[in-house]
Every structure is written in structure tokens, then in C-alpha cells.
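It should be emphasised that the depicted structure is a prediction, and the values quoted were computed from it without experimental measurement.
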Amino acid sequence: MFSRHGHEDVSLARPRSLINLFGLASEYRRGDHATLLSFADALRPDAIDVVGDLRPDGLAILIASGDRPEALEDVARATGTTAIGHLRPADKLALIERQK
């Protein structure tokens with residue numbers, strides 16, 4: 001995303017480097033200055049228990065997301081599920097239909 005603030009160019013984008021060191025992050029650029037903004041997605045407190053409760057029912061449990069696969073890794077690991085990223089809404093619906 002690019003815009004102008006006063007007389008300066010500003011943007012918010014994927015970091016140009018170091019993404020694996022910082023996990024999830026965005027790079028905020030204002031003029032010639034860049035700031036790395038790191039963040040994390042927190043699991044709901046009951047997420048691991050809910051997934052554990054569903055396993056005995058024989059359900060296929062997976063995370064279908066539009067996010068980048070590396071953004072899903074920690075959640076998939078914590079919940080013991082498989083995650084598929086880069087999906088559009090239509091892809092998610094097709095995946096659900098195939099699971100029926």
C-alpha cells in the first residue's frame with residue numbers, strides 16, 4: 001500500500017528482509033525511514049481443547065486461510081492441525097465440498 005503523508009511517500013508492505021527472524025511483520029516506510037512492525041496472532045484460549053475434543057469424532061481438522069503459509073505455522077503446530085494458505089474464498093468452499 002502506498003500513499004502520501006504531507007510531502008513524504010509512505011507505505012506498508014512485507015519486509016524486504018529478515019522476515020524469518022521476526023516472524024509475522026510489516027514494514028512501515030515514511031520517506032527514507034523504515035520501521036519493522038512485528039505482530040502475532042493469538043489463539044483463542046480454548047482452541048487447543050476444542051481441537052482435542054473433535055479428534056475422537058474422526059473429523060478432518062485443518063486450517064484453510066488466505067494468509068501466507070508461514071503465518072499459519074505456529075497456529076498449526078500449537079493445535080496439531082494442518083494448515084493450507086494462499087486460499088481465496090472460492091478455494092475454501094471447494095475444499096469444504098471435497099471433504100464432505
Side-chain angles (χ1 to χ4, degrees):
M1 300 171 65
F2 300 93
S3 188
R4 301 254 325 145
H5 179 73
H7 299 288
E8 292 182 295
D9 290 329
V10 294
S11 67
L12 187 62
R14 279 193 193 150
R16 295 180 181 163
S17 63
L18 304 178
I19 191 163
N20 290 332
L21 289 175
F22 294 100
L24 301 177
S26 290
E27 182 179 82
Y28 170 67
R29 290 185 119 353
R30 184 171 178 176
D32 293 332
H33 180 73
T35 301
L36 190 65
L37 307 171
S38 62
F39 56 93
D41 289 329
L43 284 177
R44 288 176 38 159
D46 62 343
I48 294 170
D49 291 336
V50 169
V51 170
D53 290 345
L54 293 172
R55 286 197 192 287
D57 295 334
L59 299 173
I61 303 168
L62 70 100
I63 300 167
S65 175
D67 289 336
R68 294 175 292 115
E70 53 270 19
L72 306 170
E73 290 173 356
D74 289 342
V75 172
R77 190 177 308 106
T79 57
T81 59
T82 299
I84 303 171
H86 290 302
L87 297 177
R88 296 169 297 153
D91 299 329
K92 295 175 193 177
L93 290 173
L95 180 62
I96 291 168
E97 286 301 315
R98 287 194 303 270
Q99 297 297 318
K100 289 182 178 180

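- Considering CG of D9 and CZ of R4, their distance stands at 4.5 Å, rounded to 0.5 Å.
- Annotation for Y28 and L37: closest pair CB-CD1, 3.9 Å, computed over non-hydrogen atoms.
- The heavy-atom pair separating G52 from P56 by the smallest distance is O-CD, 3.2 Å.
- With values rounded to the nearest 0.5 angstrom, E73 atom CD is found 11.0 Å from I63 atom CD1.
- For the atom pair CG (L93) and CZ (R98), the distance works out to 11.0 Å, reported to the nearest 0.5 Å.
- Nearest approach of A34 to R29, heavy atoms of both residues: CB-NH1, 2.7 Å.
- Applying the salt bridge (Lys or Arg N to Asp or Glu O under 4.0 Å) definition to pairs two or more places apart or across chains, none involves residues 52-63.
- In terms of hydrophobic clustering, with Ile, Leu, Val, Met, Phe, Trp and Tyr side chains grouped at heavy-atom distances under 4.5 Å, V51 and I48 are assigned to different clusters.
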Which donor-acceptor pairs under 3.5 Å do side chains of residues 81-90 form with protein atoms, sequence neighbours excluded?
{"unit_1": "T81", "atom_1": "OG1", "unit_2": "T79", "atom_2": "OG1", "d": "2.8"}
{"unit_1": "R88", "atom_1": "NE", "unit_2": "D91", "atom_2": "OD2", "d": "3.2"}
{"unit_1": "R88", "atom_1": "NH2", "unit_2": "D91", "atom_2": "OD1", "d": "3.0"}

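- Taken together through direct or relayed side-chain contacts under 4.5 Å among Ile, Leu, Val, Met, Phe, Trp and Tyr, I96 and L62 form parts of separate hydrophobic clusters.
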